[in-house]
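To start, the structure under review is shown below, and the notes come after it.
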Protein chains: 2
Amino acid sequence: MELFAEGGFEATTVAGIAERAGVTERTFFRHFADKREVLFAGEGQLEAVLVDAIAGAPADASLADLVVAALAAVGGALQDVRGRDFARVRNEIITANEQLQERELLKLAKLSHAVTAALLDRGVADVPARLAGDLVVSVFSTAFARWIAPDQTRDLVELQREGLAAISELTRVETV
Amino acid sequence: MELFAEGGFEATTVAGIAERAGVTERTFFRHFADKREVLFAGEGQLEAVLVDAIAGAPADASLADLVVAALAAVGGALQDVRGRDFARVRNEIITANEQLQERELLKLAKLSHAVTAALLDRGVADVPARLAGDLVVSVFSTAFARWIAPDQTRDLVELQREGLAAISELTRVETV
DNA sequence: TCGCTGATGTCAGAGGCTGACATCAGCGAG
DNA sequence: CTCGCTGATGTCAGCCTCTGACATCAGCGA
């Protein structure tokens, strides 16, 4: 993280990282599949939180309830895991580099798939499950981006609620 | 495309592609920024279609109207540009490789940003514009995926309409 | 015909990543 | 206590992607 923050992602070589960590380049690649993966390790926890929230919801929960439950769970979990500050530094590094954005998008897509799978497990039909997967991730990541904005003081959960309401607003008219 | 289809993306070297094309490796990299980019060249047209549809909509169009207009435009355009068969081959190559999925996701994200920007240009507020950008791309790509499924005979436009309706259904209850 | 421009070739090299093999510390079985 | 296994690390060679610098060459307008 320090090296990336100093010289940027591309300019930082794996050899440099390894040296700073006191190991070999080869050892680095045994811990991380990728140079990029350093910034995304431990992302699997988020997925677990979402999936658990959906799987653990009451039996009579509607799809909409499940969406809300999933969002509430991530919102709550993220407050503790890492501070907003860490997220900000990391985010700055990522937004400065397209390769990293690609990786982030892949992770988000996997998140979406995980949500979809969890919904399918509960008997939700295919198409709604997919779209709800996308929707959860979309609302989450939009709220997250706003949450780590420089002057933002509001709660992540609150921002998510707002986003969900906006989508609801947006789609209310379309089917007419 | 032939080489990728035969041996897969990773196993195919740029040297191999260049040789098949009768040029040098260096020349390949002057035409494509990336080995992956071969499969995504010309993607910018899609963006143009979406943006034009939004920019060219009637002045009194609501946000919902704009979403519908954008989807109708891509749906219409894609029918002609490339056949479904080409899209299928390409898709098979992409789904077989994570690197390519990353690139695809990046392209979709750019599409989303372009839509968002076009909406902002029309005076749509920030948050709705972002979410609508995601929504358009989500509906489009979900419908597209279904469109190129092996046994699918239905129209892309029709599949999109169905997806949009599903989301509308999904969000109607949440704000209560 | 000259000289410019754009596309291509050639070459060398950095950096990401992998496989194969060696080393070594720790730890449980005997 | 010692042997032998296991897992983590180091070492080495090498492939492949991608880039900068320079040379070449065809076409085209002055």
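Keep in mind that the numbers below use all heavy atoms, side chains included, and drop hydrogens, waters and symmetry copies. Order of the sequence lines fixes the chain letters, A, B, ..., with proteins taken first and strands second; residue numbering starts at 1 for each chain.
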* Asked: Is the charged tip of A/Arg90 near the ring of A/Phe40: under 6.0 Å from the six-membered ring centre and within 45° of its axis?
  ->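 Yes; both conditions hold, so A/Arg90 lies above the ring face of A/Phe40.
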
Give each protein N/O atom lying under 3.5 Å from an N/O atom of nucleotides 18-20 of chain C, with the pair distance.
{"unit_1": "C/dG19", "atom_1": "N7", "unit_2": "A/Arg26", "atom_2": "NH2", "d": "3.0"}
{"unit_1": "C/dG19", "atom_1": "O6", "unit_2": "A/Arg26", "atom_2": "NE", "d": "2.9"}

Side chain proximity check, [X] to [Y], heavy atoms < 4.5 angstrom:
X	Y	answer
B/Asp65	B/Ser62	yes
A/Leu119	A/Val67	no
B/Gln152	B/Leu159	yes
A/Leu39	A/Met1	yes
A/Phe4	A/Val89	no
A/Leu3	A/Glu6	yes
A/Phe140	A/Leu46	yes

* Does a side-chain N or O from A/His31 land closer than 4.0 Å to OP1 or OP2 of D/dA8, or not? ->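 So the side chain of A/His31 is outside the cut-off, no N or O lying under 4.0 Å from OP1 or OP2 of D/dA8.
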
* Asked: Does A/Thr24 make a side-chain N or O approach to OP1 or OP2 of D/dT9 shorter than 4.0 Å?
  ->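 So the side chain of A/Thr24 is outside the cut-off, no N or O lying under 4.0 Å from OP1 or OP2 of D/dT9.
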
* To do: With a 4.0 Å heavy-atom cut-off, tell me which residues in residues 2-14 of chain A come close to DNA chain D, sorted by residue number.
  =>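 Nothing qualifies; none.
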
* A/Arg154 and A/Glu162 ion-paired at < 4.0 Å ->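 A/Glu162 and A/Arg154: salt-bridged.
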
* To do: Inspect the contact between B/Arg130 and B/Asp134 and indicate whether a charged nitrogen and a carboxylate oxygen are less than 4.0 angstrom apart.
  =>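 Looking at B/Arg130 together with B/Asp134, the answer is no, because their closest N to O distance does not fall below 4.0 Å.
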
Please list, for nucleotides 26-28 of chain D, all pairs of protein and nucleotide N/O atoms separated by less than 3.5 Å.
none

What's the [atom1]-[atom2] distance between [X] and [N], to the nearest Å?
X	N	atom1	atom2	result
B/Lys35	C/dC17	NZ	P	13 Å
A/Phe28	C/dG16	CZ	P	9 Å
A/Ile17	C/dG16	CD1	C1'	11 Å

* Please identify each residue that fulfils side chain to side chain donor-acceptor pair (under 3.5 Å) with B/Glu2, with sequence neighbours left out. =>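 Scan of B/Glu2 (side chain to side chain donor-acceptor pair (under 3.5 Å), adjacent residues dropped) gives B/Arg20.
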
* Asked: With B/Arg103, which residues qualify under side chain to side chain donor-acceptor pair (under 3.5 Å), at least two apart?
  ->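 Per chain and number, B/Arg103 pairs via side chain to side chain donor-acceptor pair (under 3.5 Å) with A/Glu102, B/Asp34, B/Glu37.
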
* **Runs of at least three Watson-Crick or G-U pairs with DNA chain D, cut-off 3.5 Å** =>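 Consecutive-pair runs (3 or more) involving DNA chain D: C:1-30 with D:1-30.
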
* Residue from B/Leu66, B/Thr116, B/Leu71 passing side chain to side chain contact (heavy atoms under 4.5 Å, CB included) with B/Val136 ->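 When side chain to side chain contact (heavy atoms under 4.5 Å, CB included) is applied between B/Val136 and each of B/Leu66, B/Thr116, B/Leu71, only B/Leu71 qualifies.
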
